[in-house]
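We use all heavy atoms of the structure for the numbers below, so side chains are in, but hydrogens, waters and symmetry mates are not. To find a chain, count down the sequence lines: A is the first, B the second, and so on, and within it residues start at 1.
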Amino acid sequence: MVQDDVTRRILAAIRAIPRGEVAGYGEVARRAGLPGRARLVARLLSGNDDPRLPWHRVLRSDGRIAFPEGSRGYREQSQRLRAEGVRVENGRVLGRRPAATLDEQIWGAPAPERAPSAKPEAARRRAARDKRS
DNA sequence: CGACTGACGGTCG
DNA sequence: ACGACCGCCAGTC
């Protein structure tokens, strides 16, 4: 099976993460030249079987492990990270700085008013399921 | 073609 | 700090 370009680039980006460091899914996607494809990165890892791939260095952007607490992958990832000297506490990697909102970082502007919009319940249902599982 | 799903990201209350 | 939501991308059904 020949891996397509995108796949290889993503894998390369993951392998490029230095030992003892971590990166978010979206970050990896960006480094692979695929901004906005964080979910694609996640999908790849979900089907990954290569043991030498440092998948454990990939976390959610907020520094939390993407697996539900207590799950197999959760423990596995925590252990692997700690083995590299990364401090992990309650599924969260320390040393990360969530920082302020982008608005403040970039524009330093106060919260602009936001026109209320309808509630697409299709998206809402998805969000609920997404969170549960 | 449209609904559902997921190792996601970001905003808001 | 947290949970509820919305937005996005891609693959399945």
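Rounded to whole Å, the distance from CG on N90(A) to P on dC2(C) is 9 Å. For the pair H56(A) NE2 and dA7(B) C1', the interatomic distance rounds to 14 Å; values are reported in whole Å. Separating the CZ atom of R37(A) from the P atom of dG7(C) is a distance of 18 Å, rounded to the nearest angstrom. Per the geometry, CD belonging to Q77(A) stands 14 Å off C1' belonging to dC8(B), to the nearest Å. At whole-Å resolution of the value, CG in L44(A) and P in dG6(B) are 17 Å apart. The interatomic distance linking D130(A) (CG) with dA10(C) (C1') rounds to 14 Å, in whole Å. Distance I65(A) CD1 to dG9(B) P: 14 Å, rounded to the nearest Å. The distance from atom CZ of R64(A) to atom C1' of dA7(B) is 14 Å, rounded to the nearest whole Å.
Closest approach to the W55(A) side chain among dG6(B), dA7(B), dC9(C) is made by dA7(B) (side chain taken as heavy atoms from C-beta onward). Nearest nucleotide to the side chain of A42(A), out of dT12(C), dC9(C), dC8(B): dC8(B).
Surrounding CD of Q79(A) are at most 12 heavy atoms belonging to other residues, nucleotides or ligands under 6.0 Å away.
Residues V41(A) and L34(A) have side chains not in contact (no heavy-atom distance under 4.5 Å, counting atoms from C-beta outward). A heavy-atom distance below 4.5 Å is found between the side chains of W55(A) and Q77(A). Using a 4.5 Å heavy-atom cutoff, the side chains of R15(A) and R52(A) are in contact.
S61(A) comes within 4.0 angstrom of sugar-phosphate atoms only, judged by non-hydrogen atoms across all strands, and of no base. Within the 4.0 angstrom heavy-atom criterion, only backbone atoms of the sugar-phosphate kind lie near R43(A); the bases stay farther away. Among the atoms of the strands shown, only primed sugar atoms or phosphate atoms (P, OP1, OP2) are found under 4.0 Å from some heavy atom of G26(A). Looking at heavy-atom distances under 4.0 Å, R30(A) makes no contact with the nucleic acid at all.
Between R92(A) and dA1(C), a side-chain N or O to OP1/OP2 separation shorter than 4.0 Å is present.
Both distances falling under 3.5 Å, in either a Watson-Crick or a G-U wobble arrangement, occur for no nucleotide opposite dC1(B).
At distances below 3.5 Å, not a single donor-acceptor pair connects side-chain atoms of R80(A) with backbone N or O atoms of H56(A).
With hydrogens and angles left out, the side chain of R39(A) and the base of dC8(B) share a donor-acceptor pair within 3.5 Å.
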